[in-house]
There are 2 protein chains.
Amino acid sequence: MAKGRVTVIDIAKAAGVSKSTVSLVLQGSPLVNEGTRSKVNAAMRELGYVYNRGAANLRQAGAKSKIIGVVVNDLTNGFFAELAVGVDMVVQSAGFVQFLSNTSESIDRQREVIASMREHGISGLIVSPARATESVDFKPLVAAGIPVVVVVRNLPGAKVSSVVSDNQGGTSAAVEHLASLGHTRIAFLGGFPDTAVFEERLEGYVDGLKAAGLGFHEELVVSSAPSRAGGVDAIGRAMTMSDRPTAAVCFNDAVAFGVCDGLRARRMEPGRDFAVVGFDDVIEAQTAVPALTTVSVDPQGMGRRTAQLLLKQINAGKAEPESVTTAVRLVVRESCGAAQKKAGRKTA
Amino acid sequence: MAKGRVTVIDIAKAAGVSKSTVSLVLQGSPLVNEGTRSKVNAAMRELGYVYNRGAANLRQAGAKSKIIGVVVNDLTNGFFAELAVGVDMVVQSAGFVQFLSNTSESIDRQREVIASMREHGISGLIVSPARATESVDFKPLVAAGIPVVVVVRNLPGAKVSSVVSDNQGGTSAAVEHLASLGHTRIAFLGGFPDTAVFEERLEGYVDGLKAAGLGFHEELVVSSAPSRAGGVDAIGRAMTMSDRPTAAVCFNDAVAFGVCDGLRARRMEPGRDFAVVGFDDVIEAQTAVPALTTVSVDPQGMGRRTAQLLLKQINAGKAEPESVTTAVRLVVRESCGAAQKKAGRKTA
DNA sequence: TTAAATAATTGGAACGTTCCAAATTTGTCA
DNA sequence: TGACAAATTTGGAACGTTCCAATTATTTAA
């Protein structure tokens, strides 16, 4: 009992049929007689059989491994955790299982992790690439016919599918909204300038200014780490200028929270004395005080979307690279001052 | 090229040796001559060989699958994400790969996920059990000789190892600290009473009161969902009583943040008008305003510790169940009022 | 009834690796 | 130089599954 593993042969013997029949039952083939089927199932239950997927994959030697790999660059960031959960949902319900790994933005780690996943025979890969990932890293995968879809961060040169949110549209909408509230000095705060996401969001910011008939002032763009601490830093620098902004679109919610912290440290109340808008709509955004106006990207939905795309490609055998950008919407809450009945925003 | 997979036989042929030799190289055996080793390695690089772990596992038919399964009950909770990252760190550096899944507190999902992991031949399992998990769920695993360690939430009946934080010691320390600041009406806010963690933390709360020479008053324990919203709710109910508390130890940081929100909604400033202490020391605790005094459990360290324990058991072949409780420490920041120079805490 | 068709079942032969025992090469010492 | 030891290398035979072609049992149609 505690000896060897229970195999199809054991249950074949127990059920008085051949191993082939057992295999048929395992795959739910319609060829097998109802009676034998239940006899076999009973034997399986009896002996505590567990399917050996490794052996099966070996024979099938194909895209049928039922494992899909997911690698994210920062699991501790709620956004990515949420994304992974979204992926897991659809992947799981399609009978696949998720192989999740975290790279912590390390490109070496990413390489290791992907190599390991290949060895395990994943039938598809979803990656939110670490910074500075090069498209060549995915070459071997696509050459081997393994569908890959990158998510969140696009990878210019790579011939793989991608799912990114409408960064440009998001910040553009945020700026227009602030402008409609009467703001004219609107800053863009936080984020590292050398990333595709930053570029897109900044572009949207510029678009928004143009659409609102406002001029672009370079000094109103202040970059920083895309973190809460970075936000504190950015607003600090922004407030030193002579002609201060009265509102800010932030690179992401973490930065926005930092900006709020920084404002309070200066005895200014976000939403009353200064308007701030975030990006991502992390879970804390709605419960924070004040509730954060932000661009909602629904990471979980994005994860689901990504997984669906990947599954489609897996089933299609070999699909064309496809890129989808997911819609985004501005969620107006308190931090931009719009919810306040009083018309006045006081410039500090 | 795009035809069949490259196998050991292919590279054996290319390198002019036998498949056995290639296998030896693969395993880094010292038996093979340096010259042949490099010849083989060259051939592998040349042909783009990828190791087929499935086939290997099949033959080795043992605990050598190099996969360890990790299942958590709520990945979107930063605490668990952090835990998973900690696990991944040590697991990865030991040459294993992590198979992470999320159950969203669904016990059915948990069962599915674990079954799937078994089919894939994991050589060990780390579980943060979903609520209402029964010890019998792990029976088959341990019967099959697969090491299991539960983490965060203990599982009374199960003969498996566990790693939990010193919940009791944590709340006890928190209460004593509040008492030392002069508080006498200290509440315990938030959490579901039917969980082991709640029980332990509550017990610590009682211990702390006793140690400080304060009496236990049942009405000062108000449970709620262990979330931010739950915290708002709990403090709301706490403030309706005639003899109000002046301080609170919260079930976790999420609750603590909710309590802060609720206080502000009542025009009270946490840390000045009311002392609040959290539990977990989530990443936001230090940057929040006011910075949250909390019991730090270092989830990442806990994850590392857990992984180490599991690896030890895997290597030892079959190890005795072992339970470790990880140390915890009170991090005094602003929300309990201690950092303030002025002696006065005003009771509301 | 029987031939033909259909439904169920079944032995191998793979799949890509590791292990074993045995074979081969190389080196050492009298 | 021969004999022995050490260092390398090597063919199968597994591992647990699926697939294929072939066999056997059961219906159906005439």
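A note on names: the letters A, B, ... follow the listed sequences, proteins ahead of strands, and every chain is numbered from 1. This is a predicted model, so every value here is computed, not measured.
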So, is [X] near the phosphate of [N], with a side-chain N or O under 4.0 Å from OP1 or OP2?
{"X": "B:Ser18", "N": "D:dT9", "answer": "no"}
{"X": "A:Gln27", "N": "D:dT17", "answer": "no"}
{"X": "A:Gln60", "N": "C:dA14", "answer": "no"}
{"X": "B:Ser23", "N": "C:dT18", "answer": "yes"}
{"X": "A:Ser20", "N": "D:dC19", "answer": "no"}

Nearest-neighbour nucleotide for the [X] side chain, [options] considered:
{"X": "A:Thr7", "options": "C:dT10, D:dT9, D:dG16", "answer": "D:dG16"}
{"X": "B:Lys19", "options": "D:dG11, D:dC19, C:dC15", "answer": "D:dG11"}
{"X": "A:Tyr49", "options": "D:dT17, C:dT17, D:dT9", "answer": "D:dT17"}
{"X": "B:Leu31", "options": "D:dT9, C:dT17, D:dG16", "answer": "D:dT9"}
{"X": "B:Asn33", "options": "D:dG16, D:dT18, D:dT9", "answer": "D:dT9"}

Rounding to an integer number of Å, can you tell me how far [X] [atom1] sits from [N] [atom2]?
{"X": "A:Lys66", "N": "D:dT17", "atom1": "NZ", "atom2": "P", "answer": "18 Å"}
{"X": "A:Glu34", "N": "D:dA25", "atom1": "CD", "atom2": "C1'", "answer": "18 Å"}
{"X": "A:Lys13", "N": "C:dT10", "atom1": "NZ", "atom2": "P", "answer": "14 Å"}
{"X": "A:Ile9", "N": "D:dT18", "atom1": "CD1", "atom2": "P", "answer": "12 Å"}
{"X": "B:Leu58", "N": "C:dT18", "atom1": "CG", "atom2": "P", "answer": "11 Å"}
{"X": "B:Arg53", "N": "C:dC15", "atom1": "CZ", "atom2": "C1'", "answer": "18 Å"}
{"X": "A:Leu24", "N": "D:dG16", "atom1": "CG", "atom2": "P", "answer": "20 Å"}
{"X": "B:Asn52", "N": "C:dC15", "atom1": "CG", "atom2": "P", "answer": "12 Å"}

| task | Please step through side chain to side chain donor-acceptor pair (under 3.5 Å) for the pair A:Asn73 and A:Ser128, ending with a clear verdict. | result | CA-CA 6 Å; A:Asn73 53 293; A:Ser128 157; 2.4 Å; yes
Is it the case that the side chains of [Y] and [X] hold a donor-acceptor pair, with the cut-off being a distance below 3.5 Å and no angle test?
{"X": "A:Thr21", "Y": "A:Ser18", "value": "yes"}
{"X": "B:Glu34", "Y": "B:Ser38", "value": "no"}
{"X": "B:Asn102", "Y": "B:Ser104", "value": "yes"}

| Hey, does the side-chain of B:Arg59 have a donor or acceptor N/O within less than 3.5 Å of a partner on the base of C:dT18? |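 Yes, the side chain and the base share a sub-3.5 Å donor-acceptor pair.
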| query | Taking side chain as C-beta onward, heavy atoms only, is B:Thr195 less than 4.5 Å from B:Arg153? | reply | no
| query | Hey, which of these two, B:Ala55 or B:Val17, hits DNA chain D nearer its 5' end, going by closest nucleotide? | reply |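 Comparing both residues, the 5'-ward one is B:Val17.
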